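Worksheet: one structure, shown below.
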There are 2 protein chains.
Amino acid sequence: MNINISNANGEPIYLQIANQIKTLILEGKLKEGDALPSMRILATELRISFMTTKRAYEELERDGFIESYTGRGSFVKAQNLEIYREEQLKRIESLLVEASDTAQKAGITMQELHELLDLVNGGE
Amino acid sequence: MNINISNANGEPIYLQIANQIKTLILEGKLKEGDALPSMRILATELRISFMTTKRAYEELERDGFIESYTGRGSFVKAQNLEIYREEQLKRIESLLVEASDTAQKAGITMQELHELLDLVNGGE
DNA sequence: TAATTGTATATATAGAGGTTATACAATTCA
DNA sequence: TGAATTGTATAACCTCTATATATACAATTA
């Protein structure tokens, strides 16, 4: 496991860890059943408290990416991409609701909103 | 000026004040040149520190809705609706960028994004 | 049974946000 | 001109939240 953390970064350590592991899983570099390093070992490698690695793993567990068992370790779960997709859709929906509300108050039309959406998508 | 504040509400007092005045201006109930109550008078009415009303007025000033002059008072500015619109467009753009990025990572297509946008707009 | 793994509870620490107090400066107006 | 009124500036206080940690406990492994 190649995890890199930076103090300079404003992002909290536990999120840096969780996000990097999440990416490895989504990219298929970590697969169902794969064992993650134990919380204590990873913490020692990164020279941080193992409670911080625990926090990272909790985050991943909460999001359905891994499972942990006392005495055994932590393992990558079968990825339910459909559930992940649904969760992201919910997040996107709330963003769009806010955008839509703001637009309405400012007299910005739906057509403009759609055009803007195409515009920001093109720019990547 | 009929301003209502609530402690029960999680929204900070200075924002409650600023938003209510902002709405009055956008609805045309307060017009260019109209005098706002002095910070101290409004604070006394609302039984809060006048630094909190000042904070509210600063917010409104920052957003271009009012102007304040030492010794004279605070007044509604000529509304530049075009500037307001541009600012809201910027806010909307950043929301759409985030939505678009999230969609891309989750394999959600632009078409779905557009459909979702229509959907959330219809529901109001 | 010793070592390893995850869990639970409590604590410290820092930082941000919101509200307030107090002293200062400019304008008004009697 | 001088008192009253208005906005400004700086600092302090309080609360809440988030981050990271320490330490004791429980389950599994080998």
Side-chain angles (χ1 to χ4, degrees), chain A residues 1 3-22 25 30 32-78, chain B residues 1 3-22 25 30 32-78:
Chain A
M1 288 269 296
I3 305 289
N4 300 305
I5 61 176
S6 152
N7 295 336
N9 192 339
E11 196 182 12
I13 298 174
Y14 80 94
L15 276 185
Q16 295 182 42
I17 298 171
N19 287 335
Q20 288 178 45
I21 295 179
K22 199 179 292 187
I25 295 175
L30 280 176
E32 175 180 355
D34 285 357
L36 295 173
S38 84
M39 297 171 180
R40 282 182 179 79
I41 287 182
L42 181 59
T44 304
E45 279 179 6
L46 300 178
R47 298 164 196 273
I48 57 178
S49 159
F50 90 94
M51 287 305 298
T52 301
T53 50
K54 172 166 174 52
R55 175 94 187 257
Y57 282 23
E58 279 174 344
E59 191 78 7
L60 292 166
E61 204 158 9
R62 201 174 50 71
D63 293 352
F65 286 96
I66 69 171
E67 274 173 328
S68 297
Y69 305 95
T70 300
R72 294 183 52 205
S74 300
F75 306 88
V76 177
K77 267 178 74 171
Chain B
M1 289 267 295
I3 306 288
N4 299 305
I5 61 176
S6 151
N7 295 335
N9 193 340
E11 195 182 13
I13 298 173
Y14 80 94
L15 276 185
Q16 295 183 42
I17 297 171
N19 286 335
Q20 288 179 43
I21 295 179
K22 197 180 292 185
I25 295 174
L30 281 176
E32 173 180 356
D34 285 357
L36 295 174
S38 84
M39 296 172 181
R40 281 182 180 81
I41 287 181
L42 181 59
T44 303
E45 280 180 6
L46 299 178
R47 299 164 195 272
I48 57 177
S49 160
F50 90 96
M51 285 306 298
T52 301
T53 51
K54 172 164 174 53
R55 176 95 187 255
Y57 281 23
E58 278 174 345
E59 191 77 10
L60 291 166
E61 204 158 10
R62 200 174 51 71
D63 293 353
F65 287 96
I66 70 172
E67 275 173 328
S68 297
Y69 306 93
T70 300
R72 293 182 53 206
S74 301
F75 306 88
V76 176
K77 267 178 74 171

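Lettering follows sequence order; numbering is per chain, from 1. All values derive from a computational prediction rather than experimental measurement.
Residues forming a side chain to side chain contact (heavy atoms under 4.5 Å, CB included) with B:Glu67 (at least two apart in sequence, or on another chain): B:Tyr69, B:Lys77. Remark: B:Glu58 engages B:Lys54 in a salt bridge (Lys or Arg N to Asp or Glu O under 4.0 Å) (not counting sequence neighbours). For A:Met1, the side chain to side chain contact (heavy atoms under 4.5 Å, CB included) criterion is met by A:Ile3, A:Ile21, A:Leu24, A:Leu30, A:Leu36, A:Pro37, not counting sequence neighbours. Applying the side chain to side chain contact (heavy atoms under 4.5 Å, CB included) rule to B:Ser49 yields the partners B:Met51, B:Thr52; only residues at least two apart in sequence or on another chain are considered. In this structure, the side chain to side chain contact (heavy atoms under 4.5 Å, CB included) partners of A:Ser38, at least two apart in sequence or on a different chain, are A:Arg40, A:Ile41. Residues satisfying the salt bridge (Lys or Arg N to Asp or Glu O under 4.0 Å) test with A:Arg62, not counting sequence neighbours, are A:Glu59. Residues meeting the side chain to side chain donor-acceptor pair (under 3.5 Å) test with B:Thr53, sequence neighbours left out: none.
Rounded to the nearest 0.5 Å, atoms CG (A:Leu60) and CD1 (A:Ile17) are 9.5 Å apart. Here the straight-line distance linking atom OG1 of B:Thr44 with atom CZ of B:Phe50 works out to 10.0 Å at 0.5 Å rounding.
In this structure, the CD atom of B:Glu59 is 12 Å from the C1' atom of C:dG18, given to the nearest Å.
Contacts between residues 10-20 of chain A and DNA chain C, defined by a heavy-atom separation below 4.0 Å, involve no residue at all. Within residues 63-72 of chain B, the residues that have a heavy atom under 4.0 Å from DNA chain C are, in order of number, B:Thr70, B:Gly71, B:Arg72. Within residues 47-58 of chain A, the residues that have a heavy atom under 4.0 Å from DNA chain C are, in order of number, A:Phe50, A:Met51, A:Lys54.
Nucleotides of DNA chain D with any atom under 4.0 Å from a heavy atom of chain B span, from 5' to 3', D:dT6 to D:dT10.
Using a 4.0 Å heavy-atom distance criterion, B:Ile41 is classed as a sugar-phosphate-only contact.
Nearest approach of B:Met39 to B:Ser74, heavy atoms of both residues: CE-OG, 4.2 Å.
Remark: B:Asn7 CG is loosely packed, at most 12 non-hydrogen atoms of other residues, nucleotides or ligands lying under 6.0 Å away.
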May I have the list of side-chain donor-acceptor pairs in residues 8-15 of chain B shorter than 3.5 Å, sequence neighbours left out?
residue: B:Asn9; atom: OD1; partner: B:Glu11; partner atom: N; Å: 2.9
residue: B:Glu11; atom: OE2; partner: B:Asn19; partner atom: ND2; Å: 3.0
residue: B:Tyr14; atom: OH; partner: B:Arg55; partner atom: NH2; Å: 3.2

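Looking at heavy atoms from C-beta onward, A:Asp34 lies out of side-chain contact with A:Ile25 at the 4.5 angstrom threshold.
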